[in-house]
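Notes for the one structure printed next.
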Protein chains: 2
Amino acid sequence: METTTQQTDQQRSAQQRRRELLEAADRVVLRDGPGASMNAIAAEAGITKPILYRHFGDKGGLYAALAKRHTDALLDSLRAALDAPADRRERVEQTLDTYLAAIEARPQVYRFLMHPSDSATPGEQGFDVGLHSAPVLRRMGEELAQVIEERVDLGPGSAQLARVWGHGIVGMMHAAGDWWLGERPCPRAELVSSLADLLWGRLAAAGDRVGGPGF
Amino acid sequence: METTTQQTDQQRSAQQRRRELLEAADRVVLRDGPGASMNAIAAEAGITKPILYRHFGDKGGLYAALAKRHTDALLDSLRAALDAPADRRERVEQTLDTYLAAIEARPQVYRFLMHPSDSATPGEQGFDVGLHSAPVLRRMGEELAQVIEERVDLGPGSAQLARVWGHGIVGMMHAAGDWWLGERPCPRAELVSSLADLLWGRLAAAGDRVGGPGF
DNA sequence: GACTCCAGTTACCGCAAGTAACGTATGTCT
DNA sequence: AGACATACGTTACTTGCGGTAACTGGAGTC
């Protein structure tokens, strides 16, 4: 009995420890960029490397755990926007705005999740994140696809179509957001409405310019 | 005079050398994945590391040169599709199809350009490509923006709008293509028309499903 | 009081990026 | 022709990272 209790306690503190480690990793990664070394993270947590490896297996595991936290948080916000009681256009704009506000508010986190190999330090090893950044977008794409299929009537082949659109829209949002974050060419609201316009077929509706057939 | 001639000759062979090195690097990267070591590339080229560094500065430089080759080639194809004599919808579909055909035909190249950290070998160091893969998409986004602005009449604020759309569309194409390449859920033509439908506002036009306002 | 677990440590291995210092052939000046 | 500079190429090294093995100290258990 006491064995069980003790084990529970230990597991409890292990869970606790893991959270502490993740928070330390978070701090370091946000400070040093994604090239943060395991040593640096361990130091920040006040311990040494092998402990990190006991908890997370390898660097990828640590990254995955870290990414999952942020991704889950982001997806929660997006779900809220996606489920808001409003018409479709408004929901789309709300969702875009939520995403863009998130990456605007914490660009370091964003860059870590999406472009993990960027860094100030040139001796960069990267977080070999290519394996992990895709999943973030994939998850978002799949979730959006699900919402689309649940709520929009697309006729036959809707499942396929919804998935294509889910991934496509997420990619659009991501790429536009990435570019916007780098250049800040306009306020967020303008970007949101421009993208919504695009999704609303304004490209198809626009007229040609001067000579010859337009794009 | 002869000095000049000789210098020219030397530069000529330097250019030649550079091309050979790039081709060797290409082979290795396509064979071993993006984690190919500088040593391996040098060996494939029949020389040793320092020469690579003399030519390309560092690994990033080599990658950049390599990426530029492929990116230029891809952009040329896309420009051709973009400038074809047909109506807008057809051009859009042609462009999408060209891009997707390219990544379908040479997935190794594509994965190298876009997800350079993926690899079979687990001891992966990656090509710290995050710094370089973005430029590929950025260039495509900017080029598309330019074409859009040249040929489509968007009224006031067209420059901004064109850029947003350029990057957004490229991102859509990229994300959908990436997902499609991984799962191959449908033939290419279907993906192309689904994406074109999305750009043509079919999401906005579709009706709601059963209860409540749709997405 | 001896035993057994764990958390944690030090000290190490392997490997890849990048560099320094050392040949060696080629063509140039006197 | 023969001493000399220059660029090509090499070997051999340093540094710094991810990852691991083997040791250490202090909880609780019989």
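Below, chains carry the letters A, B, ... as their sequence lines are ordered, and counting in each starts from 1.
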* Asked: Relative to the 5' end of DNA chain C, which residue comes earlier, B/Ser37 or A/His55, by the nucleotide with the nearest heavy atom?
  -> A/His55
* To do: Go through D/dG9, D/dT20, C/dG8 for me and flag the one nearest to the A/Tyr53 side chain.
  => D/dT20
* To do: To the nearest Å, give me how far apart CZ (A/Arg18) and P (C/dA7) are.
  => 14 Å
* Expressed in angstrom and rounded to an integer, what is the separation of A/Met38 atom CE from C/dG14 atom P? -> 20 Å
* To do: Determine, for B/Trp180 and B/Arg184, whether the Lys NZ or Arg CZ falls below 6.0 Å from the six-membered ring centre while staying within 45 degrees of the axis.
  => yes
* Between C/dA7 atom P and A/Leu52 atom CG, what is the distance in whole Å? -> 14 Å
* Asked: Salt bridge or not for A/Glu142 and A/Arg138, using N-O below 4.0 Å?
  -> no
* Does B/Arg17 put a side-chain nitrogen or oxygen below 4.0 Å from OP1 or OP2 of D/dG9? -> yes
* To do: Would you tell me if any nitrogen or oxygen in the side chain of B/Thr48 comes within less than 4.0 Å of OP1 or OP2 on D/dT10?
  => yes
* To do: Compute the ring centroids of B/Tyr63 and B/Phe112, then answer whether they are less than 6.0 Å apart.
  => yes
* **B/Tyr110 and B/Tyr99 aromatic ring geometry - parallel, tilted or perpendicular at 30°/60° bounds** => perpendicular
* A/Lys49 vs B/Pro50, nearer the 5' end of DNA chain C by closest nucleotide -> A/Lys49
* What is the distance, rounded to the nearest whole Å, between atom NZ of A/Lys59 and atom P of D/dG16? -> 15 Å
* **Gap between atoms CZ and C1', on A/Arg54 and D/dG19 respectively (whole Å)** => 13 Å
* Calculate the interatomic distance between B/Phe56 atom CZ and C/dT19 atom C1'; express it in whole Å. => 18 Å
* Length of the CG-P vector between B/Leu62 and C/dG18, whole Å -> 10 Å
* Could you give the CG-to-P distance, from B/Asn39 to C/dA17, as a whole number of Å? -> 7 Å
